[in-house]
2 protein chains.
Amino acid sequence: MSLTYAILSALMSAPRSGYDLAKRFNPSVEGSVGFFWNASFQQIYRELNRLEAHQWLQAESVQQENRPDKRIYSVTAMGKQQLCQWIAESEEMAPLKDDLLVKLYAGYLVPHQTIVAKLEAHRQQHQQRLAIYHEIKHQYFPNPQTLSKTLKFQYMTLLRGIHYETGWLAWCDEIMQLLT
Amino acid sequence: MSLTYAILSALMSAPRSGYDLAKRFNPSVEGSVGFFWNASFQQIYRELNRLEAHQWLQAESVQQENRPDKRIYSVTAMGKQQLCQWIAESEEMAPLKDDLLVKLYAGYLVPHQTIVAKLEAHRQQHQQRLAIYHEIKHQYFPNPQTLSKTLKFQYMTLLRGIHYETGWLAWCDEIMQLLT
DNA sequence: CAAGATTATTCACTTAGTTGAATATACAAT
DNA sequence: ATTGTATATTCAACTAAGTGAATAATCTTG
């Protein structure tokens, strides 16, 4: 269950409330973990309670003015150890698992225009996302050679996003030519 | 539930038994749907029974010599209609959801060598997969311009795989330089 | 002051996916 | 003869993920 470790990773860089975490895992909020892992707020809170019960996390209640109180979660020594152990384990290649590919595979069953419209809509979204990645790169990682260790690893995941979206767009252009 | 439609798509190109389908959805069997969608044989059989009950599929029992009998499933008119309807629906961008990226994000917590070794192992697997894709391309799609409609769509999904793996390898090489 | 937005969290229900075990036929190898 | 492998399928238990609804405090706006 990678959500467990995705949460631990996110909380390692900074303790946060469930609410703040949930925002970062929300796919519609730009520029956060949500780009390569997402989860609903219900999922996050459920997992936080589970991890607190296992003592991988500890929570501190924080009284707030002007808004409801909250609980700030941070990773315990045990949680950190578990995270490191998980990182060291080997993992399978992640499958693509993309609805669009399944649809394309059976694309001969529907009107041509249905598929073309779909690809154009996705193309726009991927282009937007690539633009966001580039913006993050320029804003937070202008000089990749001089990054701290922590930031360097975050930068590498950002680069993955950039390569992924670039590859997606190149593919889209190539198949559009086949379709027209 | 995309497995439903992935199964329908696979059975649209040719009626098959659960056993044959399961092989095609097996991630460790090379050169099939399993590259962009996978499922265990238990999942497949469960889903086939569900779809037969809904009359999206029909089954025909086939007596065999030299091996156990089997049931061949094919898509009904209703199943085909449901598949086409699903294809026409809009879909979200698929998230990356890759354990390796979560691990990389928190990579500063473990020895450098742990991450480098992981990337090298993955690099080899991705390179192998790319080689398989290229082989399929040369063997089944030597002349992309002259493909039947059905094969053209399959070819487009293959191209996605090629772009994906090419992008992955380019990314890997780029971050390896950052790591060393 | 009522209505709506934002912050903050929980509970219950349902669907989807994973894992272990079991059953049965037939062939091939030891 | 027995063990192992390939074909072919089912059942049960469990974990993980997704969805809908609810509660509650506080701030903003008409």
Side-chain angles (χ1 to χ4, degrees), chain A residues 1-8 15-29 33-34 36-54 57 59-73 86 91-92 94-99 102, chain B residues 1-8 15-29 33-34 36-54 57 59-73 86 91-92 94-99 102:
Chain A
M1 195 208 188
S2 299
L3 177 59
T4 307
Y5 301 101
I7 286 174
L8 288 173
R16 278 177 234 275
S17 68
Y19 188 78
D20 286 337
L21 253 189
K23 271 196 291 185
R24 294 178 69 84
F25 278 87
N26 184 326
S28 63
V29 173
V33 205
F36 64 88
W37 206 273
N38 54 55
S40 65
F41 62 95
Q42 298 97 318
Q43 241 177 303
I44 304 279
Y45 281 110
R46 183 208 284 145
E47 193 62 20
L48 286 172
N49 284 321
R50 211 179 65 88
L51 294 177
E52 193 187 1
H54 283 68
L57 293 181
E60 190 198 353
S61 288
V62 175
Q63 259 86 342
Q64 290 190 115
E65 284 170 20
N66 308 342
R67 54 185 66 178
D69 299 348
K70 62 180 174 182
R71 283 159 63 74
I72 301 286
Y73 289 90
W86 174 75
E91 61 289 317
E92 299 292 305
L96 270 72
K97 281 231 174 185
D98 188 342
D99 279 6
V102 178
Chain B
M1 198 206 188
S2 299
L3 178 59
T4 306
Y5 301 101
I7 287 175
L8 288 174
R16 279 176 232 275
S17 68
Y19 187 77
D20 286 336
L21 253 189
K23 270 196 292 186
R24 294 179 67 83
F25 279 88
N26 185 326
S28 63
V29 173
V33 206
F36 63 87
W37 207 274
N38 54 56
S40 65
F41 64 94
Q42 296 98 321
Q43 234 178 310
I44 304 277
Y45 281 112
R46 184 208 285 145
E47 192 62 20
L48 286 172
N49 284 321
R50 212 178 63 87
L51 294 177
E52 194 188 1
H54 283 67
L57 293 181
E60 189 198 354
S61 287
V62 175
Q63 259 87 340
Q64 291 190 117
E65 283 171 19
N66 306 343
R67 55 184 64 178
D69 299 347
K70 62 180 172 181
R71 284 158 61 74
I72 300 288
Y73 290 90
W86 174 75
E91 61 287 319
E92 299 292 305
L96 271 73
K97 281 230 173 185
D98 187 343
D99 279 6
V102 177

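All chains are named by letter (A, B, ...) in the order of the sequence lines, taking the proteins before the strands, and each is independently numbered beginning at 1.
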Just how far, in rounded Å, is [atom2] of [N] from [atom1] of [X]?
| X | N | atom1 | atom2 | result |
| --- | --- | --- | --- | --- |
| B/K97 | C/dA16 | NZ | C1' | 12 Å |
| A/D20 | C/dT6 | CG | P | 15 Å |
| A/K70 | C/dT7 | NZ | C1' | 9 Å |
| A/L21 | C/dT9 | CG | C1' | 13 Å |
| A/D69 | D/dA24 | CG | C1' | 11 Å |
| B/L3 | D/dA17 | CG | P | 17 Å |
| A/F25 | C/dA8 | CZ | P | 17 Å |
| A/N26 | D/dT19 | CG | P | 12 Å |

Look for any protein N or O under 3.5 Å of an N or O in nucleotides 21-25 of chain C and output each such pair with its distance, or none.
none

**Prompt:** Which one, D/dT10, C/dT7, D/dA6, comes nearest to the side chain of B/Y19?
**Reply:** D/dA6
What residues form a side chain to side chain contact (heavy atoms under 4.5 Å, CB included) with [X], not counting sequence neighbours?
| X | answer |
| --- | --- |
| B/S17 | B/Y19, B/D20, B/K70, B/I72 |
| B/R46 | B/Q43 |
| A/E52 | A/N49, A/A59, A/R71, A/Y73 |

**Request:** Not counting sequence neighbours, which residues clear ring-ring contact (aromatic ring centres under 6.0 Å, His included) with B/F25? List them please.
**Result:** none
**Item:** Residues in ring-ring contact (aromatic ring centres under 6.0 Å, His included) contact with A/Y45, at least two apart in sequence or another chain
**Value:** none
**Prompt:** Quick one: is D/dA16 close enough that its OP1 or OP2 comes under 4.0 Å of any side-chain N or O from A/Q43?
**Reply:** no
**Prompt:** When you check the phosphate oxygens OP1 and OP2 of D/dT10, does a side-chain N or O of B/Y45 lie under 4.0 Å from one of them?
**Reply:** no
**Item:** 5' priority, DNA chain C, between A/N49 and B/T4 [closest heavy atom]
**Value:** A/N49
**Prompt:** Less than 3.5 Å between a donor and an acceptor, one on the side chain of B/R46 and one on the base of C/dT18, is that the case here?
**Reply:** yes
**Asked** Yes or no on side-chain contact (heavy atoms from CB on, under 4.5 Å) for B/E91 and A/D98, after CA distance, side-chain angles and deciding distance?
**Response** CA-CA 10 Å; B/E91 61 287 319; A/D98 188 342; 5.8 Å; no
**Asked** When all nucleic acid strands are considered with a 4.0 Å heavy-atom cut-off, which category describes B/R71: base, sugar-phosphate, or nothing?
**Response** sugar-phosphate
**Request:** Considering non-hydrogen atoms only, spot the tightest contact between A/L3 and A/A39 and give its length.
**Result:** CD1-CB, 3.8 Å
